[in-house]
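First comes the structure, then the notes that go with it.
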Amino acid sequence: MGTGTSKDEEEGGKEESDRLDQAGGQLYVSLKMENHKLTGDLVPHVYGSLPLVGSWDPSKALFMERESVSMWELSFVVPPNHETLDFKFLLKPKDSNAPCFVEEGPSHLLVGGALQEDARLALFRLDSGEVLEYQVFVKADRVSPFDLAASWRAYQDNFRPSSVRWIPDVSINSAPQTGGENCSSVGLELDLEHYVVPTPVTSANTAHVYLANLTENPRSPVSGSGSYSSPIKEMEVIVPDPSKMFQSSGMVESKSVGTFSPLQRQESQKGLFVDRGVGSPRLVKSSSSNIFSADTKNSMPAAAGAVAAAAVADQMMGPKEDRHLAIILVGLPARGKTFTAAKLTRYLRWLGHNTKHFNVGKYRRLKHGAIQSADFFRADNPEGMEARNEVAALAFEDMFSWMQEGGQVGIFDATNSSKERRNMLMKLAKGRCKIIFLETICNDVNIIERNVRLKIQQSPDYAEEPDFEAGLHDFKNRLANYEKVYETVNEGSYIKMIDMVSGHGGQIHVNNISGYLPGRIVFFLVNTHLTPRPILLTRHGESQDNVRGRIGGDTAISEAGELYSKKLAKFVGKRLKSERAASIWTSTLQRTILTASPIVGFPKIQWRALDEINAGVCDGMTYAEIKKNMPEEYESRKMDKLRYRYPRGESYLDVIQRLEPVIIELERQRAPVVVISHQAVLRALYAYFADRPLNEIPHIEVPLHTIIEIQMGVTGVQEKRYKLMD
């Protein structure tokens, strides 16, 4: 049976052919030879008549390029009405003048892009008598001369030597690299506020928000009358049957198209089936396997690379309860617990782990009211202790219920300052999730006093207290009640941070910590601090490829881009004039380096990790060309931009993984940093600071010639945007 073609398809193909003929369409011909059992260093060549080679002299044969281990290819362009191409293949020894081996049999005839023969093998008889067989493939596609010209232009642009080739990766106080007009002639308002533009609704402004209010809302019915007389009930811990939790219906979700496809069942084979979509693998249990059972929704992060590999390893080798992780905060009030919890939540979400922040104080206010005197927090107040333990248990049960629905990391934010409270939590967690205690200790009286005052200003506990000093007195009494019974952590797995918030050293103690994710958490915490400093994010000035609408490439900047680079230099000089320890970070692509070149007085560092998303085979194309020539790729990208990976290129999830060292270094830096990079990269960086969901990253607006200032400090993150030019 042959393949059928509808009448509409035939008419559509004829119309396209007629259109290309009228436009001077060409035939793009590809000749391929394949042999899986290569002998020696024999390189396939092609020779024959006009217009392909023009000579039957073997010495003038065209060599074929290796496409893979077993495949060789030669491509060329001819008019659709070309004369008959009469050619043969031959094999030439590599790096030798030894005789070549000519294909046996008649010549191949190509007319109108089609072979005038049945498919046959190319046979070569060697001196030893051995016969080599090569499979021959011929394909001809009609292309527009405009498409050919665009491809050639992109090829020339991409392979033109970079104008910044000799600039070192690290340069200090370098002079401007651009010639012509000096930066001093570029106008810029003295007042930088003149350039401020509104920030998006979902911006990174959290500095004036009490962070505990941004945490997870209670699921349990916690409303009360404001008293704390209700007794805490003994709680039953129900551990679900794993065989019921992960039953498979024989279907797996296709991450690439968002549909479901039948799962192939192989009763004789045990192990995992992996649906290889554009995103992270979805792991399911084969019908006869008893060694592993998991579902992406309940266990796998939305991630690629190391994070995904570590998650798979932990699922396969770790105990069941380790699939969920609870970070239990420990520490006196005003030691930065909630701030640390919020930063850690933001970091883990950005990496792709489903993470939520549960604040017990929020539960307490909803259950017993916000107005509670310091006596409520005394250890010798049995009713107060019972009420606080009750809301802690409610918050923990909510956290575990969320884990059962797919949550991976829960951050449990409370003082948890006694061994008795921590033992209660460990009993609740037994067999259900892994616990790591995270204790924050601060001995700097100045930092403590600052945090206490911020607490009075922002906490809902004192929102109705008009007298600041009265609120301050009450909170210090509350703090004294906690200090009387405080017991530092010495049990279980724990991370203890001592005087780490200033960024000037300190200590971090780690006990019984293992696994990829706990290790990443420790590494992140070692590099975080509260030192206020701005981080400026901006795209490079408009590039030549921006003008043409082409993605990727490594072209120089346009005239508008050069103007922006000079305005940016003046802006940085004004904004950071008192910040001599600031630094400028760029990618290794010339459009960012050229944008940074007019900036003087600050060290410049090139990061390969800041390069634009790799578009693979689509590099240098326009989206219109991708839609026309690669419609399946265009639709796949449109369907899931976060997980879509360009052929031989990257996805947004890949970009996030390579940007993790950049985030860690931005957290560690105590001085301002200017990051000059690219749209996809800045979307990912901005999403970290703004705590935006992963699926929003590909759609975040990062316009050209605009500066996004992220102010990091004690109170959280603030954002301001400056648009220097259209």
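One is the number of the first residue; the rest follow in order along the sequence.
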Aromatic plane relationship, His368 with Phe376 - under 30° parallel, 30 to 60° tilted, over 60° perpendicular =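 Tilted.
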Phe524 and Tyr347: aromatic ring centres closer than 6.0 Å?
->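 Yes, the ring centres sit under 6.0 Å apart.
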Would you please say whether a donor-acceptor pair under 3.5 Å links the side chains of Glu390 and Tyr363?
->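 Glu390 vs Tyr363: no donor-acceptor pair found between side chains.
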To the closest 0.5 Å, what do you measure between [atom1] ([X]) and [atom2] ([Y])?
X      : Y      : atom1 : atom2 : result
Ile676 : Leu610 : CD1   : CG    : 10.5 Å
Thr538 : Glu709 : OG1   : CD    : 12.0 Å
Ile521 : Ile513 : CD1   : CD1   : 8.0 Å
Leu694 : Ile697 : CG    : CD1   : 5.0 Å
Leu685 : Ser677 : CG    : OG    : 7.0 Å
Ile456 : Lys476 : CD1   : NZ    : 9.0 Å

May I have all residue pairs that pass salt bridge (charged side-chain N to carboxylate O under 4.0 Å, His left out) and include part of residues 510-520, sequence neighbours excluded?
->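 Listed by first then second residue: Arg520-Glu660.
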Derivation and outcome, side chain to side chain donor-acceptor pair (under 3.5 Å), residues Thr531 and His529 = CA-CA 6 Å; Thr531 306; His529 55 85; 3.1 Å; yes
Check whether any side-chain heavy atom of [X] sits under 4.5 Å from a side-chain heavy atom of [Y], and report yes or no.
X      : Y      : result
Phe377 : Arg388 : yes
Asn512 : Tyr494 : no
Phe358 : Trp402 : yes
Glu665 : Trp585 : yes
Ile436 : Leu438 : no
Gln507 : His509 : yes
Leu329 : Ile411 : yes
Leu332 : Arg335 : yes

Among all residues two or more places apart in sequence or in another chain, which pass the side chain to side chain donor-acceptor pair (under 3.5 Å) test with [X]?
X      : answer
Asp467 : none
Asp461 : Arg364, Arg365, Arg478
Glu439 : Tyr486, Thr488
Ser587 : Thr592, His678

Report the C-alpha separation of Tyr462 and Gln457 in whole Å, then their side-chain angles, then the decisive distance to 0.1 Å, and conclude whether the side chain to side chain donor-acceptor pair (under 3.5 Å) test is met.
-> CA-CA 7 Å; Tyr462 297 97; Gln457 293 170 0; over 6 Å; no
Would you confirm whether Asn527, through its side chain, and Ile664, through its main-chain N or O, come within 3.5 Å as a donor-acceptor pair?
->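 Such a contact is absent between Asn527 side chain and Ile664 backbone.
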For Arg608, look at atom CZ and say whether over 12 heavy atoms of other residues, nucleotides or ligands are found less than 6.0 Å away.
->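 Open.
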Could you tell me whether Glu487 atom CD has more than 12 heavy atoms of other residues or ligands within 6.0 Å of it?
->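 Enclosed: over 12 neighbouring heavy atoms sit under 6.0 Å from CD of Glu487.
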State which residues pass salt bridge (Lys or Arg N to Asp or Glu O under 4.0 Å) with Asp380; sequence neighbours excluded, sorted by chain then number.
->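 If we apply the salt bridge (Lys or Arg N to Asp or Glu O under 4.0 Å) test to Asp380, skipping adjacent residues, the hits are Arg378.
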Passes salt bridge (charged side-chain N to carboxylate O under 4.0 Å, His left out), Arg422 versus Glu491? Steps please.
-> CA-CA 9 Å; Arg422 297 194 291 269; Glu491 66 271 18; 2.5 Å; yes
Thinking salt bridges, do Glu696 and Arg683 make one under a 4.0 Å N-O criterion?
->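 Looking at Arg683 together with Glu696, the answer is no, because their closest N to O distance does not fall below 4.0 Å.
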Is Asp691 salt-bridged to Arg349, going by a charged N under 4.0 Å from an acidic O?
->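 Result for this pair is yes, salt bridge flagged.
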